Amino acid sequence: MINYKTTDYLSDDAKALREQVFIKEQKFVNEFDDTDNISLHTVMDDDTRPIACCRIYKGKSDGEYIAGRIAVIKEYRSRHLGQAMLSKIESEVRKAGGKKISVSAQLRAEKFYENSGFKPSGEVYFDEYCEHIHMEKLL
């Protein structure tokens, strides 16, 4: 069974997942930032251990929420858990009255976000060494 737990702080489980995926696997250096302090952090587990996470926070424009740091552990990828997490985010943003979700997507994940209704907006840019693109979904 899939379970979700949302906190208003960076839990140990969310931190460990992000360290595994973004620091150890993808070699990012600047994974944790002040945005963690203003975000809601959601962790997905399968009754045995944490398997995915994300964070969301209010954007600068009215009704905008920004989702990020979406990570699924390697052995659980290709099971549509990332899409399940995006659905959970969308549900939470709608409940909060949000009208738009924005993401800074790794370029290699652009199709993943497009499959969930996100549209690219703007030019490709680098975050650390990795190509990213801004994407948005209107709710």
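This structure is a prediction, so every number in the text was calculated from the model and none was measured.
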Subject >> Nearest atoms (heavy-atom pairs only) where I66 meets G59 >> reply: CD1-CA, 3.8 Å
Original post:
Under the side-chain contact (heavy atoms from CB on, under 4.5 Å) test, which residues partner E131, sequence neighbours left out?
Top reply: L107, V124, F126
Subject >> Residues forming a side-chain contact (heavy atoms from CB on, under 4.5 Å) with A16, sequence neighbours excluded >> reply: none
Original post:
Side chain of S61, backbone of E64: donor and acceptor closer than 3.5 Å?
Top reply: no
Original post:
What residues, two or more places apart in sequence or in another chain, satisfy salt bridge (Lys or Arg N to Asp or Glu O under 4.0 Å) together with D33?
Top reply: R55, R69
Original post:
Can you list the residues that meet the salt bridge (Lys or Arg N to Asp or Glu O under 4.0 Å) rule with R79, with sequence neighbours excluded?
Top reply: none
Subject >> Check: E123 and I133 side chains under 4.5 Å, non-hydrogen atoms >> reply: no
**OP:** Only counting residues at least two apart or in another chain, list the ones meeting ring-ring contact (aromatic ring centres under 6.0 Å, His included) with F28.
**Re:** Y129
Original post:
Does the H132 side chain pair with the main chain of C130, one donor and one acceptor, at a distance under 3.5 Å?
Top reply: yes
Subject >> Approximate separation, where rounding is to 0.5 Å, of M1 CE and T48 OG1 >> reply: 13.5 Å
**OP:** Give a yes or no on whether the backbone of S11 and the side-chain of H41 come within a donor-acceptor separation of less than 3.5 Å.
**Re:** no
**OP:** Can you see which heavy atom on I70 is nearest to which on C54, and at what distance?
**Re:** CG1-CB, 3.6 Å
Original post:
Under the salt bridge (Lys or Arg N to Asp or Glu O under 4.0 Å) test, which residues partner E92, sequence neighbours left out?
Top reply: K88, K95
Subject >> Listed partners of N37 passing side-chain contact (heavy atoms from CB on, under 4.5 Å), at least two apart >> reply: D34
Subject >> Minimum heavy-atom distance A52-L17, with the two atoms named >> reply: O-CD1, 3.4 Å
Original post:
What residues form a ring-ring contact (aromatic ring centres under 6.0 Å, His included) with F118, not counting sequence neighbours?
Top reply: Y113
Original post:
Partners of E75 by salt bridge (Lys or Arg N to Asp or Glu O under 4.0 Å), sequence neighbours excluded?
Top reply: R49
Original post:
Tell me the ring pair (Phe, Tyr, Trp, His ring centres under 6.0 Å) pairs involving residues 47-78, sequence neighbours left out?
Top reply: none
**OP:** Quick one: pull up CG in L10 and SG in C53 and give me the separation to the nearest 0.5 Å.
**Re:** 8.5 Å
Original post:
Passes side-chain contact (heavy atoms from CB on, under 4.5 Å), F32 versus K15? Steps please.
Top reply: CA-CA 9 Å; F32 303 101; K15 186 174 183 180; 3.7 Å; yes
**OP:** Would you kindly say whether S39 and Y9 are connected by a side-chain donor-acceptor distance under 3.5 Å?
**Re:** no
Original post:
Going through the distances and angles, do L81 and D46 end up as a side-chain contact (heavy atoms from CB on, under 4.5 Å)?
Top reply: CA-CA 11 Å; L81 297 178; D46 68 351; over 6 Å; no
Original post:
Under a 4.0 Å N-O cut-off, is there an ion pair linking E90 with R94?
Top reply: yes
Original post:
Going through the checks in order, is the side-chain contact (heavy atoms from CB on, under 4.5 Å) test met by I101 and I89?
Top reply: CA-CA 9 Å; I101 302 172; I89 291 167; 4.1 Å; yes
Original post:
Can you tell me how far the CD1 atom of I51 sits from the CG atom of D13, to the nearest 0.5 Å?
Top reply: 11.5 Å
**OP:** Using a 4.5 Å cut-off on heavy atoms from C-beta on, say whether the side chain of K100 contacts that of K137.
**Re:** no
Original post:
Closest approach of E128 and K27, non-hydrogen atoms and distance?
Top reply: OE1-O, 4.4 Å
Original post:
In Å, rounded to the nearest 0.5 Å, how long is the span from CZ of F22 to CG of N30?
Top reply: 13.5 Å
**OP:** Find out if a path of hydrophobic residues (ILVMFWY) with successive side-chain heavy-atom gaps under 4.5 Å connects V21 to V72.
**Re:** no
**OP:** Could you list the residues that satisfy side chain to side chain donor-acceptor pair (under 3.5 Å) with Q83, not counting sequence neighbours?
**Re:** S116
**OP:** Supply the atom-to-atom distance I73 CD1 to M44 CE, rounded to the nearest 0.5 angstrom.
**Re:** 11.0 Å
**OP:** For S121, enumerate each residue passing the side-chain contact (heavy atoms from CB on, under 4.5 Å) test, keeping only those at least two apart in sequence or located in another chain.
**Re:** H134, E136
**OP:** Report yes or no: do L86 and M135 belong to one cluster of Ile/Leu/Val/Met/Phe/Trp/Tyr joined by side chain heavy-atom distances under 4.5 Å?
**Re:** yes
Original post:
When rounded to the nearest 0.5 angstrom, what distance separates CD1 in I38 from CD1 in I56?
Top reply: 11.5 Å
**OP:** Using a 4.5 Å cut-off on heavy atoms from C-beta on, say whether the side chain of T7 contacts that of L40.
**Re:** no
Subject >> side-chain contact (heavy atoms from CB on, under 4.5 Å) evaluation trace for I23 with R18 >> reply: CA-CA 7 Å; I23 296 173; R18 287 170 50 186; over 6 Å; no
